[in-house]
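Reading through the structure tokens given below for one structure.
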Amino acid sequence: MIEAERLTKRYAGFTAVQDLSFAVGRGEIAGFLGPNGAGKSSTMRMLACYLPPTAGRARVAGFDVFSQSLEVRRRVGYLPESTPLYPDMRVGEYLEYRAAIRGLGRSQTRQRIAAVLDQCQLADVERRIIGQLSKGYRQRVGIADALLHEPELLILDEPTIGLDPTQIRQMRDLIRGLAGKHTVLLSTHILPEVEATCTRVLILHRGRIAAQGTPAEVVAQSRVANEITVELDAGDEATALLERIEGVLSVQKVPGPEAPWRRFALHLQPGADPRAAVHALAVEKRWGLRELSRRTPSLEDVFVRLVHSEDSTATP
Amino acid sequence: MRIFAALLGRELRALVHSPIAGVVFTLFLALTGLNFYLILSAFTRSQTPITLVEAFFNTTIFWYSFLAIFPLLTMRLYAEEFRQGTFEMLQTAPVRDWQIVLSKFLGAYLFAVALWLPTILYFAIYAWITREQAAPALGSYWGSYALIALMAAFFVSIGCFASALTRNQIVAAILAYVMIAFVFYIGLLGFTMTNLAPPLRAFVNYLSSAEHMYEFNRGLLNTKPVVFYLSLAFLLQFLTHAVLQARRWLR
Ligand SMILES: Nc1ncnc2c1ncn2[C@@H]1O[C@H](COP(=O)(O)OP(=O)(O)OP(=O)(O)O)[C@@H](O)[C@H]1O
Ligand SMILES: [Mg+2]
């Protein structure tokens, strides 16, 4: 549904998105993650045909976002980050207007407006003036607008920002319900939300892809997932001995525990699990062993590690 | 067509609902009313060779009220949408830029022209009370209002163009006012400078709205001003479209 090839966006001298290549298949729900300023909104704006790419290209539903932008725009429902709406219009009027400029017929308009009002729980504010609505309601009007023409691709830039917890949950259900039939690309800073809704994750950092795949894959690929922690009462030779165990890539001493205890972080080859070997070694060397653990990291742990470690490599 | 109708509908209702429309409408009625009143009282004091219609469309009050409405009516067209971010919604909808350009022009244009409809009443009331026509021939009315419609096309276009250049409505209004005043005052040079070289004078008169009005409200219609205003209006709409295209790259 989305194919981006070396997509690049440069603002006056500043590169916000660089050589971004990724693909999102039909029916997928893709979560776009990244710290502030990573280039999420810039990328989404390029896909929604608002910003022309500086270099590279992107196709949506097989159409180029630059040269066939009208075809793309017919198939995309886009919610910008700031949810711009006409404050002087009533909710119902606004949706009618948006349906009309997308060329929906009269009966279709009526039917679709009823549907999105229901989906976004806006029926009771249909006659209210948009400028007087609360932030969350405005956000829902923006989402309703994006859904109006049943677009093949929904691009939602931080759709749950400003929503209350029940609404966030409802939005999550709504988005999950779209899977299969529609493709969704959403950006968010709420990582549990991504784990709950997305079939695919793209982590962006400084305008580049830092990781991508299903949430489980992204977690599995990460260093945090391939790490075990050991706390031993052992001598200085421990580091070297632990490093010799099969599957261990490197051993790092972690400061913390009081005297004779030492704490180590073992970085592993993906898929390796040498916990039994560590235990056997401890028994053989008669070391005290009071912790041997492997954590299943959350996406949040992975995210923090990715963004943090890239920061430290970027600044020498 | 339905898309264009929806865009135009949105423009018209935004105009009508904005406080500017009320201010413009009130100001306009007050000024044209004052203009009419002053001319009538001058007429009752002394005999003049000119007709009421000729007088009405040639006073300073007329020109000021006429020229002042355009920056006010057009300043928000693009600037407000840029500032609110709603232009992003417009440009990511399946709408062509020229549809946006034309709908914005037409919305402001229809409003600007509709403002003049009540002034027809002034002349009707005059004729009804005095049992005397405000102009000797129908061509006088026709010419005056046709020229208003033509000039409005040009001046609204200047306003559209100025508004597309900035996200600040005040800046848009000032830009539009400067451009409109510039064109208008060049046209006045023919009246104020008596020693202009003939070719220069011909050129200045060609541009001169006051000169055009002087002819048209005597019923002397000619195609030169028609071509002048329409071609410039067209050019400015084209430039506005170009500005929108360029803005995509400057974001
Ligand atoms: N119009 C612009 N002109 C210049 N720089 C811009 C412009 N828009 C964005 N940027 C810069 O590009 C970078 C990426 O911005 P972008 O809005 O895409 O980030 P983001 O990932 O959406 O961040 P956030 O999580 O804060 O929404 C930022 O450093 C930002 O300052
Ligand atoms: Mg953003």
Notebook entry, point to check: So which of A:Thr54, A:Leu79, A:Val76, A:Leu104 has the largest heavy-atom pair count under 4.5 angstrom toward chain B?
Noted result: A:Leu104
Note to self: Please determine whether the number of non-hydrogen atoms from other residues, nucleotides or ligands lying under 6.0 Å from atom CH2 of B:Trp249 exceeds 12.
What the structure shows: yes
Margin query: Does B:Phe25, at its CZ atom, have more than 12 non-hydrogen atoms belonging to other residues, nucleotides or ligands within less than 6.0 Å?
Written below: no
Note to self: Tell me whether A:Tyr11 at atom OH has more than 12 heavy atoms from other residues, nucleotides or ligands lying less than 6.0 Å away.
What the structure shows: yes
Item checked: More than 12 heavy atoms of other groups within 6.0 Å of B:Trp142 CH2 -> no
Check: Do side-chain atoms of A:Arg73 reach the backbone of B:Val95 as a donor and acceptor pair under 3.5 angstrom?
Finding: yes
Notebook entry, point to check: So what's closer than 4.5 Å to chain B heavy atoms on A:Glu93: side chain, backbone, both or neither?
Noted result: side chain
Notebook entry, point to check: Roughly how far apart are B:Leu15 CG and A:Asp88 CG, rounded to 0.5 Å?
Noted result: 10.5 Å
Note to self: Please classify the contact between A:Pro53 and chain B as side chain, backbone, both or neither, with a heavy-atom cut-off of under 4.5 Å.
What the structure shows: backbone
Next item on the list: Identify the heavy atoms of B:Ala93 and A:Ile101 that sit nearest to each other, and give their distance.
Entry: CB-CD1, 3.8 Å
Note to self: Looking at B:Arg2, I'd like to know if its CZ atom is crowded, meaning that more than 12 non-hydrogen atoms belonging to other residues, nucleotides or ligands lie closer than 6.0 Å.
What the structure shows: yes
Notebook entry, point to check: Top residue by heavy-atom pair count (under 4.5 Å) with chain B, among A:Pro52, A:Cys49, A:Ala100?
Noted result: A:Pro52
Checklist line | Interface residue of largest heavy-atom contact number with chain A, from B:Gln84, B:Gln99, B:Glu88, under 4.5 Å | finding: B:Glu88
Margin query: Working to the nearest 0.5 angstrom, can you tell me the gap between A:Tyr86 OH and B:Thr86 OG1?
Written below: 4.5 Å
Note to self: Under 4.5 Å from any heavy atom of chain A, what part of B:Leu250 do you find: side chain, backbone, both or neither?
What the structure shows: neither
Next item on the list: Tell me, out of B:Arg96, B:Arg13, B:Gln91, who's got the most heavy-atom pairs with chain A below 4.5 Å.
Entry: B:Arg13
Check: Can you tell me if A:Arg98 uses its side chain to pair, donor with acceptor, with the backbone of B:Met89 under 3.5 Å?
Finding: yes
Note to self: If you define the side chain from C-beta out and look only at heavy atoms, does anything of A:Met89 sit under 4.5 Å from B:His17?
What the structure shows: no
Check: Considering residues, nucleotides and ligands other than B:Lys224, do more than 12 of their heavy atoms fall under 6.0 Å from its NZ?
Finding: no
